[in-house]
Protein chains: 2
Amino acid sequence: MFSLSEENYLKAILHLQKTSKSGVSTNAIAEEMQTKASSVTDMVKKLSEKDLVIYKKYQGVYLSDTGRKTALQIVRKHRLWEVFLVDKLSFSWDEVHEVAEQLEHIKSDKLITELDKFLEFPKRDPHGDPIPDAKGNFHVANKTLLSNLSKGERGTLVGVKDTSTEFLKYLDKNNIALGKTIEVLDKEEFDESMLIQTGGKTLRISPMVTVNIFIKQ
Amino acid sequence: MFSLSEENYLKAILHLQKTSKSGVSTNAIAEEMQTKASSVTDMVKKLSEKDLVIYKKYQGVYLSDTGRKTALQIVRKHRLWEVFLVDKLSFSWDEVHEVAEQLEHIKSDKLITELDKFLEFPKRDPHGDPIPDAKGNFHVANKTLLSNLSKGERGTLVGVKDTSTEFLKYLDKNNIALGKTIEVLDKEEFDESMLIQTGGKTLRISPMVTVNIFIKQ
DNA sequence: ATTTATTTTTAGACAAAACTAAAAATAAAA
DNA sequence: TTTTATTTTTAGTTTTGTCTAAAAATAAAT
Ligand SMILES: [Mn+2]
Ligand SMILES: [Mn+2]
Ligand SMILES: [Mn+2]
Ligand SMILES: [Mn+2]
């Protein structure tokens with residue numbers, strides 16, 4: 001259907017449009033895809049030809065309905081494979097992304113239907129992100145950043161914003177994990193750092209950490 | 001490491017060199033890969049540059065040690081994925097090939113190690129073909145074609161030579177399956193057709209069938 | 001409202017992997 | 001052993017996706 005490259009562009013645009021009211025800029029896509037702006041312009045023209053995006057010169061790019069649907073199916077595959085790797089093949093959550101980046105491009109409807117069934121229809125991936133269903137629908141959790149909590153408040157860790165290996169390994173090292181309760185024992189006004197309690201331990205974390213953890217209260 | 005195309009060429013050459021004492025010809029590769037001879041020459045030069053094959057103009061091509069090793073790892077991945085699809089995702093043996101052709105190119109050592117473990121180190125794929133281990137070693141079964149059996153002889157079906165969907169579906173339809181016992185009730189001299197008994201049924205099969213079934217006596 | 005800076009697009013080039021058409025080498029036939 | 005047929009290689013294109021460098025458009029600053 002679509003090339004590996006086209007699929008990656010669609011996914012990148014889907015990701016970027018969540019954090020911008022207007023169209024997604026050429027430079028933003030280039031940054032996200034680790035490529036050059038001129039390459040982005042070329043590809044965006046091609047996607048526009050195929051009616052996967054709406055594009056007017058210098059005006060940024062928007063996903064069309066089919067473009068959005070296609071992108072959501074790639075995301076679905078990516079996240080289902082991540083669940084597979086963690087639940088069945090004992091990967092840790094910081095090891096799955098690279099492999100899922102490859103697996104998400106395998107073309108087979110039956111494969112993904114059966115994988116979903118085999119995994120017992122998971123609703124979230126190992127990082128807490130929702131898994132779209134076959135029609136592209138998914139449940140958006142009402143979550144907030146840990147940085148928004150005040151002293152004395154508590155909640156459950158339901159997701160991470162930064163999914164880099166470095167960050168995830170840092171969390172592992174400090175016993176901070178998905179599903180665990182976090183309580184804000186203290187919040188330093190000066191640097192916005194927090195003293196938290198989780199997994200039976202008390203530790204101080206910097207704002208770089210608190211703005212990358214999603215909490216459900 | 002190697003491109004998808006390079007990997008497919010190596011696999012094709014590995015496959016072809018089993019049935020030819022001398023070097024594998026350009027035309028044979030072209031036929032196997034559904035491409036043109038000129039394309040093969042180009043790629044063979046490239047593989048030769050990378051020391052994956054030994055190639056002298058007009059003399060055919062041979063796999064080098066690293067070429068053979070690489071090809072065997074692709075075969076290993078292909079067959080492990082086929083086992084996964086049949087054993088875990090309820091694919092039938094005639095549906096797996098196309099998907100395995102894609103999955104065999106996923107690059108991750110951990111993935112294949114863990115998959116092997118998850119499947120409990122299978123020795124053969126759903127078509128009875130041996131699965132090379134991480135070092136490229138595999139067990140060659142002493143099997144013979146059903147067509148070589150005489151009236152009265154029997155054996156177990158341990159493999160198929162033709163793995164096309166059409167052939168496999170024909171076998172399914174007639175209750176002929178891997179692991180089942182087959183007894184030759186009669187052999188017609190004139191057209192080499194056979195009357196066989198398997199799965200509690202008696203049926204007559206043509207030589208097109210008998211030369212594509214491997215038996216262990 | 002100009003000037004300056006930034007972003008985006010165009011123009012031209014390149015590498016990978018395929019193709020067609022023609023030339024060269026090898027194999028088969030006369 | 002010539003002649004003919006087949007196989008293989010070369011030469012020149014094409015497509016996809018990328019790049020650099022330069023031009024054009026938009027945004028920011030004076
Ligand atoms: Mn991921
Ligand atoms: Mn994820
Ligand atoms: Mn196969
Ligand atoms: Mn097989």
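Fair warning: this is a prediction, and the values are worked out from it, not measured in the lab. Numbered from 1 within each chain, the chains take letters A, B, ... in sequence-line order.
- In this structure, the nucleotide among dT18(D), dA24(D), dC19(C) sitting nearest to the side chain of K36(B) is dC19(C).
- Contacts with DNA chain D (heavy atom under 4.0 Å) in residues 4-34 of chain B: S25(B), T26(B), N27(B), listed by number.
- Partners of H78(B) under the ring pair (Phe, Tyr, Trp, His ring centres under 6.0 Å) rule, at least two apart in sequence or in another chain, are H97(B).
- When only modelled atom types and interatomic distance are considered, Q73(A) and T70(A) share no side-chain donor-acceptor pair under 3.5 Å.
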Criterion side-chain contact (heavy atoms from CB on, under 4.5 Å) on L72(A) and F138(A), from CA distance to verdict:
CA-CA 10 Å; L72(A) 279 167; F138(A) 59 93; 3.8 Å; yes

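- The CD-C1' distance, from Q59(A) to dA24(D), rounds to 14 Å in whole Å.
- One finds a side-chain N or O of K57(B) lying less than 4.0 angstrom from the OP1 or OP2 phosphate oxygen of dT10(D).
- Computed from coordinates, the Y55(B) OH to dT10(D) C1' distance equals 10 Å when rounded to whole Å.
- Between the C1' atom of dT16(D) and the NZ atom of K50(A) lies a distance of 10 Å, rounded to the nearest Å.
- Listed for the T113(A) side chain is a donor-acceptor partner under 3.5 Å among the backbone atoms of D109(A).
- Of the side-chain N and O atoms in Y58(A), none sit less than 4.0 angstrom from OP1 or OP2 of dA23(D).
- Applying a 4.0 Å cut-off to non-hydrogen atoms, the residues of residues 37-45 of chain B that approach DNA chain D are A37(B), S38(B), T41(B), K45(B), listed by residue number.
- For S3(B), no side-chain nitrogen or oxygen approaches OP1 or OP2 of dA16(C) to under 4.0 Å.
- L146(A) CG to N212(A) CG: the interatomic distance, rounded to the nearest 0.5 Å, is 10.5 Å.
- Heavy atoms of other residues, nucleotides or ligands lying less than 6.0 angstrom from NZ of K50(A) number more than 12.
- The existence of a salt bridge linking K11(B) and E104(B) is confirmed by a sub-4.0 Å separation between a basic side-chain nitrogen and an acidic carboxylate oxygen.
- Relative to the ring axis of F214(B), K143(B) places its NZ or CZ within 45° and under 6.0 Å from the centre.
- Across the protein-nucleic acid pair, F2(A) atom CZ and dT16(D) atom C1' stand 16 Å apart, rounded to whole Å.
- In this model, no donor atom of one side chain and acceptor atom of the other lie less than 3.5 Å apart for Q102(A) and H105(B).
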